[in-house]
Amino acid sequence: MSDAEMRRLGTRARGTDGGIVVVGAGLAGLFTALKLAPLPVTVVSGAPFGEGGSSFWAQAGIAAAVGEGDSPEAHAADTVEAGAGIVEDSIAELMAREARMRVEELLEYGVPFDRDLEGKLALGQEAAHTSRRILHVKGDTAGKAIMQALIEAVRATPSITVMDGWNAGDLLLSDGRVAGIALHSADQNRPKRRILPARAVVLATGGAGQLYAVTTNPAQSKGEGVAVAARAGAVIADAEFVQFHPTALAIGADPAPLATEALRGEGAHLIDKSGKRFMRGVHPDAELAPRDIVARAVHRQVVSGAGAFLDLRPFGATLAKRFPTVHASCLAAGIDPAVEPVPVAPAAHYHMGGVLTDADGRTSVDGLWACGEVASTGAHGANRLASNSLLEAVVFGARVAEDVSATMQNYRGDAAPAFDYDEPAARDDTRRIRLLRQTMAAKAGVVRDEQSLREVLRVIAELERSHPDRPLKNMLTTAKLIAAAAFARHESRGAHFRSDYPEANPALARRSFFTLEEADSVARDAVGGEEARPGVVTALHA
Ligand SMILES: Cc1cc2nc3c(=O)[nH]c(=O)nc-3n(C[C@H](O)[C@H](O)[C@H](O)COP(=O)(O)OP(=O)(O)OC[C@H]3O[C@@H](n4cnc5c(N)ncnc54)[C@H](O)[C@@H]3O)c2cc1C
C-alpha cells in the first residue's frame, strides 16, 4: 500500500470511530479478549479459529511459583539469572507475582492441570528453575488443554467476535495514532482487502521461528506482527535474541517436532554416537544447563559429526503415557524411543525480542498494544526461562486488557463497520521464502559472526528489491531487524552467540532498541553499498 493510500484510509478510518481489534487467536490474544469482556472486541486470525499458533503446541506447561517452599521472588530471580544480565527486574517480579492469580483464572476456565494423589497441583521441574514449578496437563499437552478451555470460553462470550481467515496488513495511522488496520483475506481464490477502523489494536501474533529453515514453530509464526508494528514506527527491542531449542527431533520434518525440556528435567540424557553424555563436560548442571548452552553444545555435536541423541530408553513403556506427544512423533518417524536413542538438533523456538512494550503492554505507537511472544516486555532478556512464555502471555494479556479498558471508557461497541476492497492475488513467493529461511538458519542462527550477518543482510536487501508480497515482505522486515541488531551487538550474551566476540562484554549489558529506520541504516552500512553477488537471488526472479 502506498503512503498516500495509507494516509487516505487512515483518515477515513478515523472519521468512522473504531473499536478494539486483537490480532491473533493464540493464548495471548484470547486471554486478552476474554479479560476485555464485556467490552466488545474483534479477534482477527489468519488461521481458522481453533487452529494456528504456538500456544496449541506448548508441551511442558506454564511456570508459576505455587508450590510449597517456592516464592515469586525465587521465580523472578531464576528469570533474571537465565536472562543473562538484561532482564527488566521489575517486569520479572510483577510477572512472577501475578502468576498465581492468572493460574487460578485458568483453573476457573476449566484447564485440567495435573494433580498429585492428594489433589494438589502437580509441579514439574525444568532447566534453570530452582524449584518444581511447571504446571502441566497429561504430561506434555498443556498448550492444547489451555487453548481448548479458552476457545470454549470465547465461544460462550457474546462480546467477542472472531474474524478468522484474515491476515494483518498495515496499521492505519492518523495524526500519529492508530485509526485502523488493513487485513488481507487468507483465501487466495478470493483476494480481498478489509479495512477495520480501530481505536485500539492489540498485536498478539506470536513468534518468528518460521524465519528459520529449522524451527519448532507452526506455519503462522512468521514474525509478521513485528514487521507491521515496525512499519508503523514502533520501537523493536532485543530483536537479536532468538532462542534455539536444543532438542528438536532431527527427522527432517518442517516444523521439527519438539522433545520437551521436561524430558531432561525428568532424567533423559544427551549422548553422542558412542553413548557418552556430552553435557557433563560442558556445564555443572549438564542436561539442565540454560537452553543456550545446551543448544550450542548440541549444535557443535551435530556440526562436528559426533552426533547428538536424546536417550529416552530409561522411560521404557512409561514414555507413551507420560509424554504422549513426543512418543507419537518418534513413532511417526519410525523410531522406537524405548529401544534406540532419538537424534536431536537445535531449532528456532522462541523470540525474546519483539515490539517494545511497557508493563501495561503499551507500545511506542499511540493506540497500539502488544502481548505474548510478539511483544518484548523485558521479561526474558537474552534467554527465556523455560515455561515463562505462556505465563507472560496471560500476565500481560490481562494487563493489556485493563489498560485498553481504561482507554476506551465511553466505548459501547458502536464501532463503524469494516469496508472491503478487491485486490489482486499475492504472488507465490515460496522459493524466495525458502532462500530467506535457509540463509537465516545458516548465517543468523545458533552461531553468527560479522561476515555471516553481512551476508544475511545482503540477501535480504536483494529480496526486498524483488517487490515481495506479504507474507515475505513482513518476513524480510523482521529478519532485517534481527540481523541488524545481531550485527550491531559486538558480544555474546544469552542466545546471541557471536563467534568473533565469544565473550559477554559487561559494558554492553543492556537491551537493544531499533526503529525500522535505524535497522535500515545498520543494514545499509553492513552491506556497504555492495551489489548482491550475482546468482544468489537473481536466479529466483525467473
Ligand atoms: C513446540 C512448542 C512448544 C512450546 N512449549 C512451551 C511450554 O511448554 N511452555 C511455555 O511457556 N512456552 C512454550 N512454547 C512457547 C509458547 O507456546 C509461545 O511463546 C506462546 O504460545 C505464544 O503465544 P501467543 O499467543 O503470543 O502466540 P501464538 O499462540 O503463536 O498465536 C499467534 C496467533 O496469531 C495469528 N497470526 C500470526 N500472524 C498473523 C497475521 N499476520 N495476521 C493475523 N493473525 C496472525 C496466528 O494464527 C495465531 O492465532 C512452546 C512453543 C512451541 C513452538
Side-chain angles (χ1 to χ4, degrees), residues 21-33 43-64 124 126 134-137 139-144 146-147 150-151 162-170 181-186 202-210 215-229 243 245 247-249 255-262 265 325-326 329 347-352 354 370-375 380 384-394 396-397 470-471 473-475 478:
V21 176
V22 173
V23 187
L27 180 56
L30 295 193
F31 204 78
T32 306
V43 175
V44 172
S45 165
F49 186 54
E51 296 171 28
S54 295
S55 299
F56 290 92
W57 294 12
Q59 292 184 6
I62 180 165
E126 275 200 293
I134 316 303
L135 291 107
H136 40 83
V137 181
D140 63 2
T141 59
K144 193 168 157 203
I146 293 172
M147 289 305 288
L150 292 199
I151 285 165
V162 176
M163 196 184 274
D164 57 0
W166 290 92
N167 284 300
D170 282 303
I181 183 161
L183 309 174
H184 303 272
S185 60
V202 181
L203 287 176
T205 50
Q210 285 282 327
T215 180
T216 61
N217 286 193
Q220 296 76 27
S221 303
K222 294 186 170 78
E224 290 194 79
V226 168
V228 166
Q243 186 170 73
H245 197 288
T247 54
L249 301 183
L258 181 74
T260 170
E261 201 137 40
T325 312
V326 173
S329 300
H349 184 57
Y350 184 83
H351 196 194
M352 273 75 74
C371 57
E373 194 169 335
V374 69
H380 306 302
R384 175 191 64 131
L385 184 65
S387 290
N388 262 356
S389 38
L390 294 183
L391 177 62
E392 189 196 37
V394 289
F396 290 92
R470 79 145 292 284
K473 181 177 167 204
N474 287 336
M475 294 172 80
T478 305

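Ligands are counted one by one from 1 in listed order, and the atoms in each one are counted from 1 as well.
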Option with minimal heavy-atom separation from atom 7 (C) of ligand 1, where the choices are Gly61, Gly209, Ser389, Gly29: Gly61
Between Cys371 and ligand 1, does any nitrogen or oxygen pair lie at a separation below 3.5 Å? no
Trp166 and Ser45, any side-chain heavy atoms less than 4.5 Å apart: no
Which of the atoms of ligand 1 are close to Gly26, meaning less than 4.0 Å from one of its heavy atoms? 25 (O), 29 (O), 31 (O), 33 (C), 49 (O)
Assess Val374 for proximity to ligand 1: is some non-hydrogen atom of it under 4.0 Å away? no
Residue and atom name of the nearest protein heavy atom (relative to atom 35 (C) of ligand 1), distance in Å to one decimal: Gly24 CA, 3.8 Å
State the atoms of ligand 1, each with its element, that fall below the 4.0 Å cut-off from a heavy-atom position in Ser45. 44 (N), 47 (O), 49 (O)
With backbone taken as N, CA, C and O and side chain as the heavy atoms from C-beta onward, which portion of Lys222 lies under 4.0 Å from ligand 1: side chain, backbone, both, or neither? neither
Within the 4.0 Å heavy-atom shell around Ala47, which atoms of ligand 1 are there? 47 (O)
Please list, in number order, the atoms of ligand 1 under 4.0 Å from a heavy atom of Ala168. 40 (C), 41 (N), 42 (N), 43 (C)
Can you tell me if Ile62 contacts ligand 1 (heavy atom of the residue under 4.0 Å from the ligand)? no
Just which atoms of ligand 1 are under 4.0 Å from any heavy atom in Glu224? 41 (N)
Just jot down the ligand 1 atoms closer than 4.0 angstrom to any heavy atom of Gly46, in number order. 43 (C), 44 (N)
Is there a heavy atom in Glu261 that sits closer than 4.0 Å to ligand 1? no
How would you list, by chain and number, every residue that makes a ring pair (Phe, Tyr, Trp, His ring centres under 6.0 Å) with His245, sequence neighbours excluded? His349
Side chain, backbone, both or neither: which part of Ala204 has a heavy atom under 4.0 Å from ligand 1? backbone
Would Ala28 count as a polar contact of ligand 1, with the cut-off being nitrogen or oxygen pairs under 3.5 Å? yes
Numbered atoms and elements of ligand 1 in range of Tyr350, under 4.0 angstrom, heavy atoms: 19 (O)
Just which atoms of ligand 1 are under 4.0 Å from any heavy atom in Trp166? 43 (C)
Answer whether the closest heavy-atom distance between the side chains of Glu261 and Thr247 falls below 4.5 Å. no
Under 4.0 Å between heavy atoms, the region of Met163 that gets near ligand 1 turns out to be neither
